[in-house]
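Only heavy atoms go into these numbers, but all of them, side chains included; no hydrogens, no water, no symmetry mates. Labels below follow one simple rule: chain letters A, B, ... track the order of the sequence lines, proteins then strands, and each chain is numbered from 1.
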Number of protein chains: 2
Amino acid sequence: MPTAVEQSKSLFVRRWGEMAAYWGISRTMAEIHALLYATPTPLCTDDIMAQLAISRGNTSMSLRSLVDWGLIERVHHRGDRKEYFVANADVWALFANITRQRQRREVEPILDTVRRCRDLVDEELPRLKGDEAADLRAYRQRLDDMLEFLTAVARIVDLFLRLGPKGLKRVNGVLRKLVA
Amino acid sequence: MPTAVEQSKSLFVRRWGEMAAYWGISRTMAEIHALLYATPTPLCTDDIMAQLAISRGNTSMSLRSLVDWGLIERVHHRGDRKEYFVANADVWALFANITRQRQRREVEPILDTVRRCRDLVDEELPRLKGDEAADLRAYRQRLDDMLEFLTAVARIVDLFLRLGPKGLKRVNGVLRKLVA
DNA sequence: TGATACTTTCAGTATATATTGAAATTACAG
DNA sequence: CTGTAATTTCAATATATACTGAAAGTATCA
């Protein structure tokens with residue numbers, strides 16, 4: 001492979017890996033994903049091990065996670081018992097997947113907890129008077145603010161995901177008008 | 001403080017801390033922030049150390065980061081040389097801050113890199129023919145897809161931030177129509 | 001100016017997370 | 001079934017990140 005392209009791919013893989021932490025996936029998972037995304041041809045475990053210089057175990061576990069996340073797929077070639085892998089080429093599907101998982105893993109548990117925190121305060125509030133009650137009401141108010149905000153965001157994200165890939169430009173247009 | 005409320009606050013602090021990793025801030029930073037958000041009264045370093053059972057050094061560094069992020073503020077009481085801290089109570093401002101920082105730290109570097117990767121491919125493409133050129137064009141296409149998607153998202157986030165707190169409900173309403 | 005109260009820094013250490021590699025397991029072809 | 005190639009698992013290990021605490025630094029007051 002020519003050198004400018006090699007550079008391009010390795011740059012892409014490296015940067016994708018650096019960003020991994022932010023997206024809640026490990027560096028290796030992200031690098032493997034980037035490599036597959038950059039390579040339309042299916043790759044097998046050994047290809048990946050060689051190109052990224054990582055162990056067989058790590059490769060196996062990371063590939064499994066990526067399949068679980070729905071970011072890559074297994075491919076079989078007839079007459080060859082090796083497994084090959086390809087990345088999902090649809091960028092929208094990629095981010096929709098990640099967003100859905102994060103929604104479920106991050107936003108929903110927080111919402112549950114904040115609701116429970118609010119209920120615990122409500123148990124106690126009627127029994128109190130004066131300064132202590134005032135402080136508590138302030139805390140309770142903040143929990144409510146948080147709750148309202150988070151549910152609004154969750155709803156918007158949900159609507160957004162339903163819009164699908166073609167919705168991106170429409171949303172852009174609509175928002176542009178709202179801002180103006 | 002009554003026990004149901006104690007439970008409520010410690011639950012809130014713990015959960016906020018667990019979510020920290022996802023948001024790119026450390027557990028302690030998140031816990032301190034949660035504690036301050038849950039406590040409308042300003043707290044000093046010793047209050048925080050005591051309540052979260054963490055060291056002075058850790059407290060000091062985390063508080064500084066939180067101030068840098070714009071998530072909390074320093075407060076001074078006359079006749080007292082201690083520094084006190086309060087959380088920004090505005091939930092919208094909180095998330096707008098985090099979003100802006102993540103945009104700058106994550107989305108922009110990725111965009112720069114992907115553009116550079118594309119340019120490197122374009123350097124090489126005209127010199128190639130046949131299968132190799134086809135593979136390369138596929139890679140180049142994927143970089144373009146990614147670029148288009150990321151710039152669209154960046155634009156939307158930007159518009160969103162400009163809308164401010166009152167825009168949340170309007171966006172919700174508008175999106176709801178788009179989906180229907 | 002010195003004494004005191006408070007804050008910051010950072011080398012050392014602890015903790016959490018990711019990775020290796022070899023053994024165990026599975027899947028397939030003959 | 002048997003032998004072999006491929007994959008998975010997981011205890012040991014490496015690496016990255018966060019935390020501690022004591023020493024150094026800074027600000028304020030008498």
Side-chain angles (χ1 to χ4, degrees), chain A residues 13-36 42-69 71-86 105-106, chain B residues 13-36 42-69 71-86 105-106:
Chain A
V13 168
R14 223 173 317 124
R15 175 65 81 180
W16 212 245
E18 281 166 19
M19 290 299 118
Y22 294 125
W23 292 93
I25 61 182
S26 82
R27 163 177 302 251
T28 303
M29 267 177 74
E31 290 198 347
I32 293 178
H33 177 263
L35 179 62
L36 291 173
L43 297 181
C44 70
T45 307
D46 294 277
D47 296 333
I48 295 166
M49 285 171 61
Q51 295 218 36
L52 301 180
I54 55 177
S55 72
R56 189 170 298 282
N58 193 4
T59 308
S60 170
M61 288 193 298
S62 299
L63 283 169
R64 178 223 277 277
S65 297
L66 285 167
V67 171
D68 287 349
W69 277 69
L71 305 182
I72 67 172
E73 272 180 19
R74 287 173 205 279
V75 171
H76 291 274
H77 288 158
R78 73 177 67 251
D80 181 350
R81 34 167 119 159
K82 269 211 207 71
E83 288 190 314
Y84 292 78
F85 298 87
V86 289
R105 294 188 196 191
E106 299 167 38
Chain B
V13 167
R14 223 173 319 122
R15 175 66 81 181
W16 212 244
E18 280 167 18
M19 291 298 117
Y22 295 124
W23 293 93
I25 62 181
S26 81
R27 163 178 300 253
T28 304
M29 267 177 75
E31 290 198 346
I32 293 178
H33 177 264
L35 179 62
L36 291 173
L43 297 181
C44 70
T45 305
D46 294 277
D47 297 332
I48 295 167
M49 285 171 60
Q51 296 219 35
L52 301 180
I54 56 178
S55 72
R56 188 172 297 283
N58 193 5
T59 307
S60 170
M61 289 194 299
S62 300
L63 284 169
R64 178 222 277 275
S65 296
L66 284 168
V67 171
D68 287 348
W69 276 70
L71 305 184
I72 67 171
E73 273 181 18
R74 286 172 206 278
V75 171
H76 291 274
H77 288 158
R78 75 177 65 251
D80 182 351
R81 35 169 117 162
K82 270 213 209 66
E83 289 189 311
Y84 291 78
F85 297 87
V86 289
R105 295 188 195 190
E106 299 168 38

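At whole-Å resolution of the value, CD1 in A/I54 and C1' in D/dT7 are 15 Å apart. A/D47 has its CG atom 12 Å from the P atom of D/dA6, to the nearest Å. The distance between atom CD1 of B/I48 and atom C1' of D/dC19, rounded to the nearest whole Å, is 16 Å. Between the CZ atom of B/R56 and the P atom of D/dA22 there is a distance of 11 Å, given to the nearest Å. Atom NZ in A/K82 sits about 14 Å away from atom P in D/dT8, given to the nearest Å.
Legend: residues meeting side chain to side chain donor-acceptor pair (under 3.5 Å) with A/R74, ordered by chain and number and at least two apart, are A/E83. The side chain to side chain donor-acceptor pair (under 3.5 Å) search around B/R64 returns none, not counting sequence neighbours. Among residues two or more places apart in sequence or in another chain, the side chain to side chain donor-acceptor pair (under 3.5 Å) test is passed with B/E73 by none. Remark: A/H76 engages no residue in a ring-ring contact (aromatic ring centres under 6.0 Å, His included) (not counting sequence neighbours). Partners of A/R56 according to the side chain to side chain contact (heavy atoms under 4.5 Å, CB included) rule, which considers only residues two or more places apart in sequence or in another chain, are A/T45, A/D46, A/M49. Checked against salt bridge (Lys or Arg N to Asp or Glu O under 4.0 Å), A/R105 has no partners two or more places apart in sequence or in another chain. Scored by the side chain to side chain donor-acceptor pair (under 3.5 Å) test, B/E106 finds B/R102 as partners (sequence neighbours excluded).
The 5' end of DNA chain C is approached more closely, in terms of each residue's nearest nucleotide, by A/S55 than by the other of A/H76 and A/S55.
Within 4.0 Å (heavy atoms only), A/R64 reaches sugar-phosphate atoms of the nucleic acid but no base atom.
In this structure, the separation between CD1 on A/I72 and OH on A/Y84 is 15.0 Å, given to the nearest 0.5 Å.
In summary, contact between chain A and DNA chain C, defined as any nucleotide atom under 4.0 Å from a heavy atom of the protein, begins and ends at C/dA18 to C/dA29 in the 5' to 3' direction.
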What does the list of N/O pairs under 3.5 Å between the protein and nucleotides 27-29 of chain D look like, with a distance for each?
residue, atom, partner, partner atom, Å
D/dT28, O2, B/R81, NH2, 3.0

All N/O contacts under 3.5 Å from nucleotides 10-16 of chain D to the protein, with atom names and distances to one decimal?
none

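Contact annotation: A/T45 side-chain N/O to D/dT7 OP1/OP2 distance is under 4.0 Å.
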Which pairs would a plain distance check flag for residues 25-34 of chain A, meaning a side-chain donor or acceptor within less than 3.5 Å of a matching protein atom at least two apart in sequence or in another chain?
residue, atom, partner, partner atom, Å
A/S26, OG, A/M29, N, 3.4
A/T28, OG1, A/N58, ND2, 3.4
A/H33, ND1, A/W16, NE1, 3.2

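Under the 4.5 Å side-chain criterion, counting only non-hydrogen atoms from C-beta, A/L66 is not in contact with A/F85.
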